[in-house]
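In listed order, ligands and their atoms are each counted from 1. Treat the numbers as computed from the prediction; the structure is a model and nothing was measured.
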Amino acid sequence: MSDLNACFRAIPSTDKCLEALAAPSEALAALVGPDVLRAVREAPRRLVREAVQAFWDAKREAVRQGGSRDAAELSLEASFAELAAWCARQSAPRLQGVINGTGVVIHTNTGRSVLAPSAAMAVFRAACGSCTLEFDGETGGRGSRNDLLSYAIRDLAGAEDGIAVNNNAAAVLLALDTLCKGGEVVISRGELVEIGGSFRIPDVMESTGVMLKEVGATNRTHLADYERAINESTRAIIRVHTSNYRIVGFHSAVPTDELADLAHRHGLPLLNDLGSGSFIDFAKAGLPPEPTVPECIRQGCDLVLCSGDKLLGGPQAGIIAGRADLLARIRKNPLLRALRMDKLSYAGLEATLRLYYEPELACREIPTLRRMLVEPSELARQAKALKARLARALKGACSVGLAEDSSRAGGGAFPECSLPTTLVALRPQACSAAELKRRLLALRPVLIGRLENDAFCLDPRTIEQAEHARIAYLLCRALSA
Ligand SMILES: *Cc1c(COP(=O)(O)O)cnc(C)c1O
């Protein structure tokens with residue numbers, strides 16, 4: 001018992017720990033990296049205090065549970081490095097930077113699209129000051145945010161009108177709530193998709209009180225299937241782009257223009273949820289054909305809905321483009337208020353859309369497009385440069401090689417299309433690739449990659465040259481642990 005008490009007495013007071021963390025002696029400071037101490041100093045005091053208390057609570061519990069009873073191990077000096085690292089981690093912001101080495105271009109878990117520099121600047125300016133979000137520039141009175149981006153959506157989609165909302169799920173909700181409430185919407189069974197995060201399109205639709213009238217079979221739906229399902233309760237036909245999978249083999253879907261003709265013959269609108277909508281025809285760059293927003297409008301869709309942060313490459317947003325009379329009804333829906341975007345997203349989305357006025361500029365400036373379109377030879381060059389840098393930095397701690405492989409678009413775009421790339425493959429000497437991957441999760445920024453053939457691999461497709469130095473630093477840290 002006495003050694004237990006000696007242990008507990010050796011534990012420094014919370015105030016003493018806080019003092020040491022805020023202004024460590026030279027000897028203590030030498031035990032931890034400057035970034036750890038800076039992170040602790042910049043965190044709110046209350047979070048650091050709670051972290052210190054939790055640290056010692058866990059130590060006390062470990063001693064009680066029969067862990068080491070060497071009081072010297074519990075002194076401030078002996079525990080300082082561990083304590084500081086723990087406090088830095090526990091009190092850090094939850095939203096941390098990630099270096100995306102996975103090669104997945106639209107990586108939903110890490111925030112989807114990276115903004116173009118002009119869009120990021122627009123967000124910054126809007127954040128730091130006031131702006132004309134709901135300000136009528138002519139009269140100085142109140143304007144509407146819902147008209148702000150109509151010009152760009154009209155121009156780029158070739159549509160009569162357009163608005164932007166919180167995200168594409170909100171766009172789907174609004175369109176159905178406005179146009180179809182209390183009635184039925186006809187949809188093909190082949191298009192009842194779940195898009196990840198257990199978000200199912202049918203669930204969103206049904207939450208608006210709209211009945212889904214499912215037609216056809218999973219792999220084949222014919223025009224006659226749609227036609228038979230139309231009755232006096234039908235309010236619209238909807239098409240959902242099956243963006244994250246593709247049915248191959250014995251499969252048929254009705255072409256969009258024929259579906260539009262059918263809808264119009266019955267006085268119904270055709271809605272098209274494109275998911276990862278694009279204003280650029282990727283087929284020109286050798287990628288499989290994907291419907292673009294302007295193409296869908298040309299084919300007769302009355303409303304086209306898409307995300308702002310998937311292939312478009314902007315901030316989280318939902319875009320609704322289409323017929324002016326339908327958008328006029330959506331503008332009057334009180335739900336629009338609940339699903340509206342904030343000024344930061346408007347700023348980012350407008351700057352992104354403006355780049356599309358010159359498609360070459362969009363392809364150069366918008367990281368999502370650039371990463372989709374980069375040549376394999378350029379990726380091989382970047383992989384070689386990264387490999388050379390890492391081989392220098394990591395010396396013998398790790399073998400560094402190259403491997404031909406492929407990247408994925410992600411975000412539910414181009415599901416079965418593999419984009420050729422060259423990976424930098426790391427095989428540590430002293431630990432497994434899986435262990436390296438795990439250690440990198442503890443560092444900041446987090447570096448993520450993928451495990452292929454017992455190697456931790458980095459794909460240059462989603463890495464910027466400016467990140468190479470930090471990647472080398474993080475790997476050095478992880479491999480010296
Ligand atoms: C991604 C996706 C959505 C949801 O878009 P968010 O912008 O994430 O709300 C809806 N429909 C389809 C077909 C999608 O691929």
Side-chain angles (χ1 to χ4, degrees), residues 104-115 149 153 162-177 180 185 187-208 210 212 214 218 221 236-247 253 256 259 270-279 282 288 290-293 295-296 301 303-322 330 335-336 338-342 344-346 348-349 352-353 368 372 408-417:
V104 179
V105 178
I106 306 162
H107 197 279
T108 293
N109 297 1
T110 63
R112 292 193 181 159
S113 284
V114 174
L115 293 188
L149 300 188
I153 300 172
I163 61 170
V165 294
N166 185 56
N167 58 9
N168 189 27
V172 174
L173 194 70
L174 259 173
L176 291 176
D177 185 82
C180 311
V185 178
I187 184 168
S188 160
R189 288 206 172 81
E191 298 175 3
L192 293 166
V193 294
E194 172 172 322
I195 55 166
S198 69
F199 172 88
R200 290 207 174 121
I201 294 292
D203 295 346
V204 175
M205 294 183 180
E206 282 181 338
S207 73
T208 61
V210 173
L212 291 186
E214 301 167 17
T218 307
T221 304
I237 298 177
I238 190 164
R239 156 149 281 181
V240 178
H241 188 47
T242 54
S243 47
N244 52 3
Y245 76 106
R246 188 135 304 178
I247 299 173
T256 300
L259 202 52
L270 174 62
L271 316 181
N272 196 343
D273 172 11
L274 263 192
S276 195
S278 167
F279 292 102
F282 286 93
E290 282 268 312
T292 68
V293 178
E295 190 183 325
C296 292
C301 294
L303 288 182
V304 179
L305 321 168
C306 72
S307 280
D309 53 357
K310 291 185 181 171
L311 273 182
L312 194 70
Q316 180 190 303
I319 289 177
I320 310 179
I330 287 175
L335 258 186
L336 182 55
L339 302 172
R340 71 186 191 178
M341 278 201 315
D342 76 316
L344 304 185
S345 304
Y346 267 107
L349 185 58
T352 303
L353 289 173
T368 302
M372 286 298 300
R408 284 187 301 120
F414 300 106
E416 89 283 42
C417 167

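The side-chain heavy atoms of Thr368 and Leu312, taken from C-beta on, include no pair separated by under 4.5 Å. Between Leu344 and Pro315, every side-chain heavy-atom pair lies at or beyond the 4.5 Å cut-off.
Looking at Ser276, its side chain does come within 3.5 Å of a backbone N or O of Leu311 through a donor-acceptor pair. Not one N or O on the side chain of Asn168 forms a donor-acceptor pair closer than 3.5 Å with the backbone of Ala171. A donor-acceptor distance shorter than 3.5 angstrom exists from the side chain of Ser113 to the backbone of Asp309, with no hydrogens or angles considered.
Below 3.5 Å of separation, one finds no N or O of Ala170 facing any N or O of ligand 1. In terms of N/O distances under 3.5 Å, ligand 1 is not approached by Asp309.
Heavy atoms of Lys310 come nearer than 4.0 angstrom to ligand 1 in at least one pair. Residue contact check for ligand 1: Arg112 places a non-hydrogen atom closer than 4.0 Å to it.
Atom numbering of ligand 1 starts at 1 in the shown order; those under 4.0 Å from a heavy atom of His241 are 13 (C).
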